[in-house]
Enquirer: 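This structure is in structure tokens; I'll ask about it shortly.
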Amino acid sequence: MYDPSAIEAKWQAAWDEAGLFRARRDERPKYYVLEMFPYPSGRIHIGHVRNYAMGDVIARYKRATGHSVLHPMGFDAFGMPAENAAMASGGHPKEWTYANIDTMVAQMKPLGFSIDWDRMFATCDPEYYGQQQALFLDMLEAGFVDRKKATVNWDPVDMTVLANEQVIDGRGWRSGAEVERRELTQWFFKISDMAEELLEALDGLDDWPSKVKTMQSNWIGKSRGLRMGWTLTEPTHGHEAIEVYTTRPDTLRGASFIAIAPEHPLAKALAEENADLAAFAGNVRKGGTTEEALETAPKMGFDTGRTVESPLGGTLPVWVANFVLMDYGTGAVFGCPAHDQRDLDFARKYDLPVIPTFKPEAMEDFAIGNEAYVPPKTETVDWIDQPAGIERGTGQQAIDATIEWAEAQGIGKGETRFRLRDWGLSRQRYWGCPIPVLHCEACGIVPEAKENLPVTLPDDVSFDVPGNPLDRHPTWRRAACPRCGGEALRETDTMDTFVDSSWYFARFTAPRAATPTDRAEADYWMNVDQYIGGIEHAILHLLYSRFFARAMHATGHLSEKAKEPFDALFTQGMVTHEIYLTRDEAGRPVYHLPEDVVAKPDGMRALKDGTEVEVFPSAKMSKSKKNVVDPAGIVARFGADAARWFVLSDSPPERDVEWTAAGVEATARHLARVHRMAEEVVGAEDARDAALEREVARAVDEVTKGVDSFGFNAAIAKLYALAATIQKSKAAPGARRVALRTMAQLMAPFTPHLAEEVWQATGGTGLCAAAPWPVADAALLVSDTVTLPIQVNGKRRSEITVAKDMPKEEVEAEALADPAVVRALDGGAPRKVIVVPGRIVNVVA
RNA sequence: GCCCGUGUGGCGGAAUCGGUAGACGCAGCGGAUUCAAAAUCCGCCGCCGCAAGGCUUGCCGGUUCGAGUCCGGCCACGGGUACCA
């Protein structure tokens, strides 16, 4: 009888006792596998199970192939939800967070992951964030840190800064007030200084998904363009010209206006004497700071009445426009409506000229309607009075030629720019790592002395009023200036939680060290050989970690090779589930948990009262839609092995997987079958069977390849097939016993507890988790015949089985003699016969 | 808006290099066992068609002896968009 609850606890205790999962530096090659650590939201969900099951497959497999494995776990424990919980129910973020961590660890341990729990930490442990402060001070000293203005979401009613997700349709989530953009002085990491290096090093990341590299490359956004000054017809407020940067200098002749950001110094100066412009600027400041909000906002402009001289003759009007951002380039652009949709919309709205500078190759009648003409820069077009003299050529040729021309004319200068902006790390929040600096009246901004670290968060805070509790704390801010000893005030900004997650992988190599890293440990364990996490982290987290690893190398905390900290990256998909809902009297949706719904012949019904339930297609599990599955319940009913096997079985790891009750039940049935098969051969003497040995060898080969290449679903499919083969085999019990023993090893990364049970029942020595991975006998994998499909005109008509090394001519003759082929040819002679050895035959009639 | 993905039977999905589309699993159907049921075991199972055969990988077009796979255009859905993590 297969009883997961009994065997799983037993084997977990056995592994613990053997200390199998404690990472040790020894003579074996090391392997560091890491899953992105979780946020302690309350309980683990089935998506976590899938993520850690994948890492555990790798960890157990690598251990079996003779590696010394580091497989740690921790918690990304600072962040907004803890403060939100404190606001909602009056607790303290610290208590909430640590209680959640306890719950989640208690949920994870029964799943049997081969984690070195001794290394666990949370980023909100003073031991961790104190080292983060030390790291920050080293980075400050090394010139990686800056202080400058940044734009934030300001809630004018709550008088507080809002996160982007707290801005809903341009309004504050609590106050409902219209949010406005406001500039604050903030701390920054100078990641943009590293843009070129972060871009170029992507090339070396051979084991990263190319989509992630493409996304990062686009995010960094290297571009070559032209920077030029447009002379104001009349100098004003100390401005003689407007500096503009453009990546499309080839469209210079089509420029019909200059647009500057509302925060541009010239716009600000003009607004001081023009109430209408000031009102306009105030108006366009409304709304959130996200790129999406800015890009999709209706385009608005204000004509300043000023003009600039065009280097090509004539003058252009100067507008203030909401779609020009001070953070990008110079805060000013020229508008070329003919070849930019945004500029065209703007020009149509405000009746500005639309001047084409090129048209499709060899086209006579060409006019711009309400759609800008924007062909790829690689397409050849005909140019109209192009200043650099191009007549027919690609956009890229014209861009290069125009930059050269502009430099020769002294109009402007070619310039390489990056889209990547510096990383603003200041947060006006309590539950984060305090930035360890002081503001001293005498000395200015002074770094805290390292011996005073950690700068810990005060516990006596309240969340009944909006804003940062550190700001209003009666005593916490006051401290002695480390330089002059006088009175100083602590910085009350805390760090972005992305800082916490940008070096935790390094800390795992020596989680209790008195410095951020212990170089001997870090040099041994780094890099992370396999990193596994969600695609949602493709850009920010991974880019910030790459930056941090470089900064940590520069400050002596990591070696040269760790500058790219993640050798291989795998991005896994989500676990989804159907959504069940009924309606209340007012027609509002009422969501139901999967366990509260039952399938009846005529559809889904609510368990409580039998009401008919509407079923919506699977979507990412979310608490609000109640389409969540709690792993604790699954483990209790079906066992950890069933949960682990199922989340990996049905879908390729990089894709989403749909959780279904039927699926996990089928898994449980299969695992029970395997258990039964092992019981049947207990006590048999080992025996041999050629057919079984061949099948086992094939399974070893395919499962190994599957595990090596993240084809977990394919490996599991093969394990299903192997179980069926063994079950149906007429071979002696002893031969099945041998086959099952190897199958236990192949199953061990997926269902480690059941594997131990089968291993023991079939006479395996010691723990299966400690046994070396099986190797397939190459001689058993080859076959001397091959079956070839035969196509006629690309359609499959027949197949033939021939010797593997049969010459092409003989294969062709045999194929043409095939009755089905003769019939398909209908007496006609083949025009051509294509024989792809070992693959296919195609007869062209 | 912009960047990156994904789209294959009733369902989840397979097809590692351009070479038999639908492995494996679910659901369904038929049978064995059983007094009966559960459990278990065996078999069938893309669509249309009595059959021969035809059709079929989101839609439209292209390259090729041959396209789920490569190219172009569209549609839908998902991720990211710098203060959610």
Side-chain angles (χ1 to χ4, degrees), chain A residues 36 38-39 41 76 78-81 84 150 152-153 161-167 191 209-212 214-219 221 288-297 323 327 341-342 419-429 496-498 501 534-541 543-544 571 573-574 576 617-620 646 649-652 654-660 662-663 665-667 669-670 672-673 676 705-706 709 711 713-714 716-721 724 727-728 787-791 793-796 798-799 831-834 836 838-845:
Chain A
M36 291 180 187
Y39 179 79
S41 55
D76 189 12
F78 274 135
M80 285 203 313
N84 293 343
V152 297
N153 303 305
V161 177
L162 297 180
N164 286 332
E165 74 161 8
Q166 296 173 322
V167 179
I191 190 172
S210 54
K211 63 181 169 189
V212 173
T214 306
M215 282 189 262
Q216 290 215 355
S217 166
N218 291 338
W219 184 262
T289 56
T290 65
E291 194 192 30
E292 185 191 4
L294 297 169
E295 287 280 331
T296 54
F323 60 81
D327 292 351
Q341 192 59 46
R342 191 172 58 187
R419 205 185 79 99
L420 180 66
R421 306 200 303 261
D422 279 336
W423 170 11
L425 70 112
S426 293
R427 296 293 180 269
Q428 293 70 46
R429 272 184 257 291
D496 176 11
T497 55
F498 273 123
S501 56
I535 186 68
E536 66 271 24
H537 296 294
I539 297 176
L540 295 179
H541 162 60
L543 192 62
Y544 291 157
T571 55
M574 301 177 296
T576 64
S618 270
K620 179 177 178 167
F646 178 66
S649 68
D650 251 21
S651 211
E654 67 272 24
R655 294 258 292 263
D656 295 350
V657 66
E658 184 181 29
W659 181 274
T660 61
E665 282 161 17
T667 295
R669 278 202 301 273
H670 176 74
R673 182 182 307 137
R676 221 167 28 241
K705 280 181 183 152
S709 63
N713 56 322
I716 287 177
K718 189 65 194 173
L719 286 168
Y720 266 113
Q727 184 170 30
K728 286 173 192 171
T787 300
L788 300 177
I790 306 169
Q791 297 182 332
N793 291 332
K795 286 201 170 118
R796 186 179 174 282
S798 187
E799 63 179 35
R831 282 200 291 142
K832 193 174 170 188
V833 180
I834 291 142
V836 184
R839 282 285 192 188
I840 201 168
V841 180
N842 191 10
V843 180
V844 186

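All chains are named by letter (A, B, ...) in the order of the sequence lines, taking the proteins before the strands, and each is independently numbered beginning at 1.
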Enquirer: How long is the line joining CG of Asp650(A) and P of G22(B), in whole Å?
Expert: 19 Å

Enquirer: Please pick, from C17(B), U40(B), G25(B), the nucleotide with the shortest atom-to-atom distance to any side-chain atom of Ala666(A).
Expert: G25(B)

Enquirer: When you measure from the side-chain N and O atoms of Gln791(A) to the phosphate of U20(B), is any distance below 4.0 Å, counting only OP1 and OP2?
Expert: no

Enquirer: Roughly, in whole Å, what's the span from CD in Glu536(A) to P in G5(B)?
Expert: 17 Å

Enquirer: Nearest of U81(B), C84(B), G19(B) to any side-chain atom of Met80(A)?
Expert: C84(B)

Enquirer: Looking at A85(B), G13(B), C41(B), which one has an atom nearest to any side-chain atom of Pro81(A)?
Expert: A85(B)

Enquirer: Counting just side-chain N and O atoms, does Asn713(A) come under 4.0 Å of either OP1 or OP2 of G25(B)?
Expert: no

Enquirer: Just label G9(B) as syn or anti from its O4'-C1'-N9-C4 or O4'-C1'-N1-C2 angle, using within 90° of 0 for syn.
Expert: syn

Enquirer: Output the distance between atom CG (Leu162(A)) and atom CD (Gln428(A)), rounded to the nearest 0.5 Å.
Expert: 10.5 Å

Enquirer: Using a cut-off of 4.0 Å on non-hydrogen atoms, how would the nucleic acid contact of Val833(A) be classed: base, sugar-phosphate, or nothing?
Expert: nothing

Enquirer: If you check every side-chain atom of Ala163(A), which of U81(B), C84(B), G25(B) has the closest atom?
Expert: C84(B)

Enquirer: NA contact type, His670(A), heavy-atom cut-off 4.0 Å: base, sugar-phosphate, or nothing?
Expert: nothing

Enquirer: Tell me the interatomic distance from Asn164(A), atom CG, to G80(B), atom C1', rounded to whole angstroms.
Expert: 13 Å

Enquirer: Once Watson-Crick and G-U wobble pairs under 3.5 Å are found, how is RNA chain B written in dot-bracket notation, 5' to 3', with | for any base paired to another strand?
Expert: (((((((..(((......[....))).(((((.......))))).(((....)))..(((((..]....))))))))))))....

Enquirer: Could you check whether any side-chain heavy atom of Leu420(A) comes within less than 4.5 Å of a side-chain heavy atom of Trp219(A), counting everything from C-beta outward?
Expert: yes

Enquirer: Is there a side-chain polar atom (N or O) of Arg419(A) under 4.0 Å from OP1 or OP2 of A82(B)?
Expert: no

Enquirer: Whole-Å distance between C3(B) P and Glu291(A) CD?
Expert: 11 Å

Enquirer: Considering only atom P, compute the distance from G46(B) to G25(B) and round it to an integer number of Å.
Expert: 15 Å

Enquirer: Can you tell me whether the base of C24(B) sits syn or anti, using the 90° cut around 0 to define syn?
Expert: anti

Enquirer: Contact class for Val836(A) vs. all strands (heavy atom < 4.0 Å): base, sugar-phosphate, or nothing?
Expert: base

Enquirer: Nearest to the Asn842(A) side chain among C84(B), G19(B), C41(B), which nucleotide is it?
Expert: G19(B)

Enquirer: Output yes when a side-chain donor or acceptor of Asn164(A) lies under 3.5 Å from a complementary backbone atom of Gly288(A), and no otherwise.
Expert: no

Enquirer: For C59(B) and G68(B), measure between their P atoms and round to the nearest Å.
Expert: 12 Å

Enquirer: Give me the distance, rounded to whole Å, that separates A37(B) from C50(B) when you measure between the C1' atoms they each carry.
Expert: 39 Å

Enquirer: Does Arg655(A) have a side-chain nitrogen or oxygen under 4.0 Å from the phosphate oxygens OP1 or OP2 of G7(B)?
Expert: yes

Enquirer: According to a strict under-4.0 Å criterion, is Thr497(A) in side-chain N/O contact with OP1 or OP2 of A85(B)?
Expert: yes

Enquirer: Could you tell me how far apart Glu292(A) (CD) and G1(B) (P) are, to the nearest whole angstrom?
Expert: 9 Å

Enquirer: I want to confirm an ordering. Mapping Phe498(A) and Gly794(A) to their closest nucleotides on RNA chain B, which one lands closer to the 5' end?
Expert: Gly794(A)

Enquirer: Sequence neighbours excluded, which residues qualify as salt bridge (Lys or Arg N to Asp or Glu O under 4.0 Å) partners of Asp496(A)?
Expert: Arg427(A)

Enquirer: Is any side-chain N or O of Lys795(A) closer than 4.0 Å to OP1 or OP2 of A21(B)?
Expert: no

Enquirer: Tell me: CZ of Arg796(A) to P of C55(B), nearest whole Å?
Expert: 16 Å

Enquirer: Between G58(B) and G53(B), how far is it from one P atom to the other, in whole Å?
Expert: 27 Å

Enquirer: Any salt bridge between Glu654(A) and Lys211(A), counting N to O under 4.0 Å?
Expert: no

Enquirer: Can you identify which nucleotide, out of G13(B), U20(B), C41(B), has its nearest atom closest to the Pro789(A) side chain?
Expert: U20(B)

Enquirer: Using a heavy-atom cut-off of under 4.0 Å over every strand shown, decide if Ala721(A) touches base, sugar-phosphate, or nothing.
Expert: nothing

Enquirer: Between U20(B) and C74(B), how many Å separate the two C1' atoms, rounded to a whole number?
Expert: 32 Å

Enquirer: Atom CG in Leu543(A), atom CE in Met215(A): separation rounded to 0.5 Å?
Expert: 12.5 Å

Enquirer: Given the P atoms of U40(B) and G54(B), what is the spacing between them in whole Å?
Expert: 42 Å

Enquirer: To the nearest 0.5 Å, what is the distance between OH on Tyr720(A) and CZ on Arg673(A)?
Expert: 8.0 Å

Enquirer: Please round to the nearest 0.5 Å and tell me the distance separating atom CD of Glu665(A) and atom CZ of Phe646(A).
Expert: 10.0 Å

Enquirer: Where the side chain of Asp422(A) meets the backbone of Ile191(A), is there a donor-acceptor pair that is under 3.5 Å apart?
Expert: yes

Enquirer: Below the 4.0 Å mark, does C4(B) have OP1 or OP2 next to a side-chain nitrogen or oxygen of Asn218(A)?
Expert: yes

Enquirer: Between A23(B) and U16(B), how many Å separate the two C1' atoms, rounded to a whole number?
Expert: 14 Å

Enquirer: Considering every strand and a 4.0 Å limit on heavy-atom distances, what is the contact class for Trp423(A): base, sugar-phosphate, or nothing?
Expert: nothing

Enquirer: What distance, rounded to whole Å, do you find between the two P atoms, one in C77(B) and one in G31(B)?
Expert: 45 Å

Enquirer: 5'-most contact on RNA chain B: Arg669(A) or Gln166(A), nearest heavy atom basis?
Expert: Arg669(A)

Enquirer: Of all the choices, C65(B), G13(B), C4(B), which nucleotide is nearest to the side chain of Lys211(A) once you look at every atom?
Expert: C4(B)

Enquirer: For Asn793(A) and G66(B), is the shortest distance between a side-chain N/O and OP1 or OP2 below 4.0 Å?
Expert: no

Enquirer: Quick one: Asn153(A) CG to C84(B) C1', roughly how many Å, whole number?
Expert: 13 Å

Enquirer: In Å and rounded to the nearest 0.5 Å, what is the OG1 to CD distance from Thr290(A) to Glu165(A)?
Expert: 12.5 Å

Enquirer: Measure from CD on Glu295(A) to P on U81(B) and round the result to the nearest Å.
Expert: 15 Å

Enquirer: Assign Gly79(A) to base, sugar-phosphate, or nothing according to its heavy-atom contacts below 4.0 angstrom with the strands shown.
Expert: sugar-phosphate

Enquirer: Determine yes or no for a side-chain-to-main-chain donor-acceptor pair under 3.5 angstrom, with Asn842(A) supplying the side chain and Ile834(A) the backbone.
Expert: no

